[in-house]
Amino acid sequence: MDSRLNCTTVKEPIRKLDNRSDTGGNRPLRLVVAALILRAGEPGTEVLVCQRKPDQPMSLKWEFPGGKIEPGETAEEALARELNEELGIEAVIGRRVSRVRHKYRNGGAIDLQFFVVEEFGGALENRIFNDMRWSPLGELMQYDFLAADLGLIRDLAEGRLL
Ligand SMILES: Nc1nc2c([nH]c(=O)n2[C@@H]2O[C@H](COP(=O)(O)OP(=O)(O)OP(=O)(O)O)[C@@H](O)[C@H]2O)c(=O)[nH]1
């Protein structure tokens with residue numbers, strides 16, 4: 001099933017999902033937001049990619065900055081908070097370009113939404129990642145990304161999404 005959405009910014013509040021167990025197993029579905037932070041590169045657009053630390057689960061995998069939505073937050077509020085915590089920036093959250101559900105082998109399931117960020121205040125600072133790089137969209141397949149991100153990575157690399 002292709003679960004990507006082509007819609008504009010989503011403002012609905014996020015439901016509280018405590019005790020929810022409709023994802024198989026008894027672990028709650030985690031609602032996650034992540035950012036495609038874009039800049040003009042040479043010759044084309046570049047996106048910020050981040051590497052998880054060696055001591056984290058799924059260590060050294062690459063991902064997009066972001067994290068879990070807290071109860072009461074909209075997706076955009078959560079993403080702005082995470083980007084401030086992780087990168088020290090004040091981001092303007094743009095349109096949502098993709099949404100996917102993924103079940104990891106350890107039983108954890110995530111609902112992952114990706115938003116474009118083309119504007120932010122402050123200087124990017126790596127506060128939590130092992131490494132952080134600007135990647136041309138066409139080179140994204142060279143990074144070892146988290147499994148939930150792979151469909152998006154392919155679409156971005158093949159110029160189908162942006
Ligand atoms: N930020 C981010 N998280 C992602 C991406 N793809 C993906 O599967 N995830 C998963 O979504 C979850 C994000 O939660 P988080 O950033 O708040 O927490 P975390 O890595 O410390 O994991 P944990 O709290 O579940 O142990 C993680 O389980 C992470 O593996 C992505 O591109 N960006």
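Atoms considered below: every heavy atom in the structure, side chains included; atoms not considered: hydrogens, waters and symmetry mates. Counting convention: from 1, in listed order, for ligands and their atoms alike.
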Is it the case that Gln51 and Asn130 place a side-chain donor and acceptor less than 3.5 Å from each other? yes
Using a 3.5 Å cut-off on N or O atoms only, is Glu82 in polar contact with ligand 1? no
For Gly66, counting its heavy atoms only, list the atoms of ligand 1 lying under 4.0 Å from any of them. 1 (N), 16 (O)
If you measure from CZ on Arg99 to CG on Asp111, what distance do you get to the nearest 0.5 Å? 4.0 Å
Output for pair (His102 NE2, Leu112 CG), nearest 0.5 Å, gives 10.0 Å
May I ask you to list the atoms of ligand 1 that are less than 4.0 angstrom from any heavy atom of Ala148? 8 (O)
Once ring pair (Phe, Tyr, Trp, His ring centres under 6.0 Å) is applied, do any residues pair with Phe145, and if so which ones, sequence neighbours excluded? Phe64
If you scan protein heavy atoms around atom 12 (C) of ligand 1, the nearest is Val32 CG2, 3.8 Å
For atom 28 (O) of ligand 1, what's the nearest protein heavy atom and its distance? Arg30 NH1, 3.0 Å
Checking a contact table here: which protein heavy atom is nearest atom 3 (N) of ligand 1, and how many Å away? Glu63 OE1, 3.6 Å
Top protein contact for atom 6 (N) of ligand 1, by heavy-atom distance: Asp149 OD1, 2.7 Å
Looking only at N/O atoms, are Glu86 and ligand 1 under 3.5 Å apart anywhere? no
Considering Phe145, Tyr104, Phe64 one by one, which has a heavy atom nearer to atom 33 (N) of ligand 1 than any of the others? Phe64
Suppose we screen for side-chain contact (heavy atoms from CB on, under 4.5 Å). Which residues come up paired with Gln142, at least two apart in sequence or across chains? Glu139
Could you check whether any side-chain N or O of Lys61 sits under 3.5 Å from a backbone N or O of Arg52, counting only pairs where one atom can act as donor and the other as acceptor? no
Gln56 CD: over 12 foreign heavy atoms closer than 6.0 Å: yes
At less than 4.0 angstrom from any non-hydrogen atom of Ala34, what atoms of ligand 1 do you find? 33 (N)
Measure the distance from atom 9 (N) of ligand 1 to every protein heavy atom, then report the residue, atom name and distance (to 0.1 Å) of the closest one. Leu146 CD1, 3.6 Å
re atom 26 (O) of ligand 1, the protein heavy-atom contact at minimum distance is Pro57 CG, 4.3 Å
Numbering as shown, the atoms of ligand 1 that approach Leu112 to under 4.0 Å (heavy-atom distance): 6 (N), 7 (C)
Using 4.0 Å as the upper bound for N to carboxylate O, is an ion pair formed by Arg154 and Glu158? no
Under a heavy-atom criterion of less than 4.0 Å, does His102 contact ligand 1? no
Quick check against the 3.5 Å criterion: does Arg81 have a side-chain atom that pairs as donor or acceptor with the backbone of Ile69? no
When only distance counts, is Ile110 in polar contact with ligand 1, meaning an N/O pair under 3.5 Å? no
Under a 4.0 angstrom heavy-atom cut-off, which atoms of ligand 1 come close to Met58? 30 (O)
Among all protein heavy atoms, pick out the one at the shortest distance from atom 21 (O) of ligand 1; state its residue, atom name and that distance to 0.1 Å. Gln56 NE2, 4.2 Å
for atom 24 (O) of ligand 1, nearest protein heavy atom and its distance come out as Lys68 NZ, 2.5 Å
Sub-3.5 Å donor-acceptor pair from the side chain of Glu86 to the main-chain atoms of Gly66, do we have one? yes
In this structure, CD of Glu118 is separated from CG of Leu36 (nearest 0.5 Å) by 10.0 Å
